[in-house]
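Worksheet: one structure, shown below.
Each ligand, and each atom within it, is numbered from 1 in the order the structure gives. Reckoned from all heavy atoms, side chains included, excluding hydrogens, waters and symmetry mates. Keep in mind that this is a model prediction, so the values were computed, not measured.
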Amino acid sequence: MRNPRDFGKPLAVGAPEPLLDVPFKPSRMIHFLDASNDKMVAKVPDIARKTDILLGNLEDAVPVDRKEAAREGLIRVGREFDLGETQLWTRVNSLDSPWVLDDLLRLVGEIGDRLDVIMVPKVEGAWDIHYVDRLLAQLEAKHGVQKPILVHAILETSLGVANLEEIAAASPRMQGMSFGPADLAASRRMKTTRVGGGHPGYVVIADPSEDGGPRATAQQDLWHYSIGRMVDACTATGILPFYGPFGDISDDLGCEAQFRAAFLMGCVGAWSLHPRQIEIAKRVFSPDPDEVRFAKRVIEAIPDGRGVHMLDGKMQDDATWKQCQVMVHLAELLAQKDPELAEAYGFVTTTGS
Ligand code: GLV
Ligand code: MG
């Protein structure tokens with residue numbers, strides 16, 4: 001047991017004080033960058049304008065002989081590029097890998113003040129977060145980092161799913177979690193070969209009919225249970241849930257359906273592995289203008305959030321009022337960043353013209 005009174009104290013003398021609330025900026029997409037590729041790095045100023053979060057990936061998908069180049073490239077991005085309001089994250093290598101220690105030592109030492117969040121893959125339990133938590137505090141103290149670097153866990157092992165709540169509550173440094181369907185499938189020994197999305201074999205089927213005619217089937221969602229658990233664990237502890245990767249880059253519709261299911265269930269964003277997925281995430285994770293307008297009407301109709309009211313034949317009460325607040329607050333936040341959305345939502349922008 002950790003003394004709850006110590007939860008808000010730094011884990012190393014000289015480290016910044018932990019944040020007790022997770023800061024929330026627009027987080028609709030986490031765009032993955034391979035910074036070992038100079039051509040990709042040259043595109044950073046352009047990509048940073050389009051994405052809410054830019055993440056330098058050091059883990060899977062980066063070949064072993066480019067691990068160090070990816071780390072050095074990310075340090076260059078952190079030092080040389082002004083990303084404006086776009087957050088800078090990294091995904092470090094897994095905690096049992098030969099690279100992770102140097103990932104953390106180099107990144108915190110060189111760009112600790114630029115990094116908002118470190119994504120830790122294959123987290124299995126609270127002990128993984130405790131390890132990173134203390135090490136980051138020591139490194140922040142050593143390098144005079146002024147604000148705490150937050151930690152984001154990828155939920156991608158069966159043990160991680162079993163320990164979800166403990167992971168979410170392990171430290172005030174926990175910022176959120178992403179759902180990692182590819183590693184999770186492997187860890188669970190699922191019989192799939194994909195990165196996220198549905199599977200045509202995972203269906204329910206109608207009963208046989210007397211005339212022996214064809215039986216209707218409907219594809220089911222392989223990920224519903226785990227994403228639901230992740231959303232509950234995250235929101236119960238005040239951290240942010242994200243959907244992770246959708247690997248079939250050419251399947252925009254499939255990607256959009258996966259992202260939308262996650263959005264409706266409570267996720268705030270998803271990964272983008274290709275610029276075209278930035279656009280999909282933006283479309284999905286920005287609430288629909290019609291829904292926002294309706295939510296505003298509900299809030300106006302029940303100004304104090306109490307009681308019952310009929311709107312377009314639908315009952316509105318304290319609970320729908322709260323749902324509408326969630327929708328309108330998110331819309332307001334996104335409108336501050338995006339004048340087009342501000343207009344679509346019917347908000348007046350503070351940035352003028
Ligand atoms: C992401 O890292 C995944 O394994 O799906
Ligand atoms: Mg993975």
Side-chain angles (χ1 to χ4, degrees), residues 27 29-36 51 53-64 66-67 70-71 74 89-100 103 117-125 128-129 132 151-164 167-168 174-199 202 221-231 233-234 240-249 251 254-255 257-259 261-263 265 267-274 277-278 280-281:
S27 303
M29 68 299 283
I30 307 171
H31 185 68
F32 271 52
L33 171 80
D34 176 357
S36 73
T51 186
I53 299 164
L54 183 68
L55 176 144
N57 178 31
L58 308 184
E59 200 226 8
D60 291 357
V62 176
V64 166
R66 298 223 312 260
K67 291 281 184 196
R71 190 193 291 145
L74 174 59
W89 293 21
T90 184
R91 177 170 78 167
V92 294
N93 285 287
S94 63
L95 297 177
D96 59 354
S97 75
W99 305 288
V100 66
D103 291 345
V117 173
I118 293 182
M119 186 184 271
V120 181
K122 301 176 179 66
V123 171
E124 303 222 287
D128 285 335
I129 303 301
V132 175
V151 167
H152 181 106
I154 311 182
L155 184 65
E156 53 181 351
T157 67
S158 44
L159 190 54
V161 176
N163 289 327
L164 247 173
I167 295 169
M174 281 297 295
Q175 178 270 353
M177 268 188 217
S178 283
F179 187 67
D183 269 300
L184 184 58
S187 167
R188 281 180 173 159
R189 303 177 62 77
M190 289 167 64
K191 307 302 178 288
T192 52
T193 54
R194 320 174 154 214
V195 178
H199 192 290
Y202 192 67
D221 183 352
L222 277 170
W223 310 116
H224 180 79
Y225 155 78
S226 310
I227 294 181
R229 281 205 52 203
M230 178 184 77
V231 170
C234 287
L240 306 172
F242 291 72
Y243 176 75
F246 186 86
D248 187 348
I249 307 296
D251 183 7
C255 179
Q258 177 72 78
F259 284 7
F263 172 67
M265 285 184 73
C267 290
V268 299
W271 300 3
S272 92
L273 306 180
H274 186 279
Q277 294 186 339
I278 293 182
I280 299 174

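To the nearest 0.5 Å, atom CE of residue M29 and atom CG of residue L273 are 13.0 Å apart. L33 CG to T90 OG1: the interatomic distance, rounded to the nearest 0.5 Å, is 9.5 Å.
Using a heavy-atom distance under 4.0 Å as the criterion, the protein contacts of ligand 1 are R91, E156, G180, P181, A182, D183, P245, W271.
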(Q) What verdict does the side-chain contact (heavy atoms from CB on, under 4.5 Å) test give for W99 and V64, after you've listed the backbone C-alpha separation in whole Å, the side-chain angles of each residue and the deciding distance to 0.1 Å? (A) CA-CA 10 Å; W99 305 288; V64 166; 3.9 Å; yes
Q | Full working for side-chain contact (heavy atoms from CB on, under 4.5 Å) between I30 and R91 | A | CA-CA 11 Å; I30 307 171; R91 177 170 78 167; over 6 Å; no
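With sequence neighbours excluded, the residues forming a side chain to side chain contact (heavy atoms under 4.5 Å, CB included) with A70 are D34, S36, L58, V62, listed by chain and number. Under the side chain to side chain contact (heavy atoms under 4.5 Å, CB included) criterion, A153 pairs with V123, I129, I167, M174, M177, sequence neighbours left out.
Looking at I118, N93, L74 one by one, the single match for side chain to side chain contact (heavy atoms under 4.5 Å, CB included) with D103 turns out to be N93.
Taking the six-membered ring where tryptophan is involved, the planes of W89 and H152 are tilted, since the angle between them lies from 30° to 60°.
Salt-bridge formation is detected for the pair D183/K122: a Lys NZ or Arg NE/NH1/NH2 atom is positioned less than 4.0 Å from an Asp or Glu carboxylate oxygen.
Screening the protein for N, O or S atoms under 2.8 Å from the Mg ion (ligand 2) yields 2; no waters enter the count.
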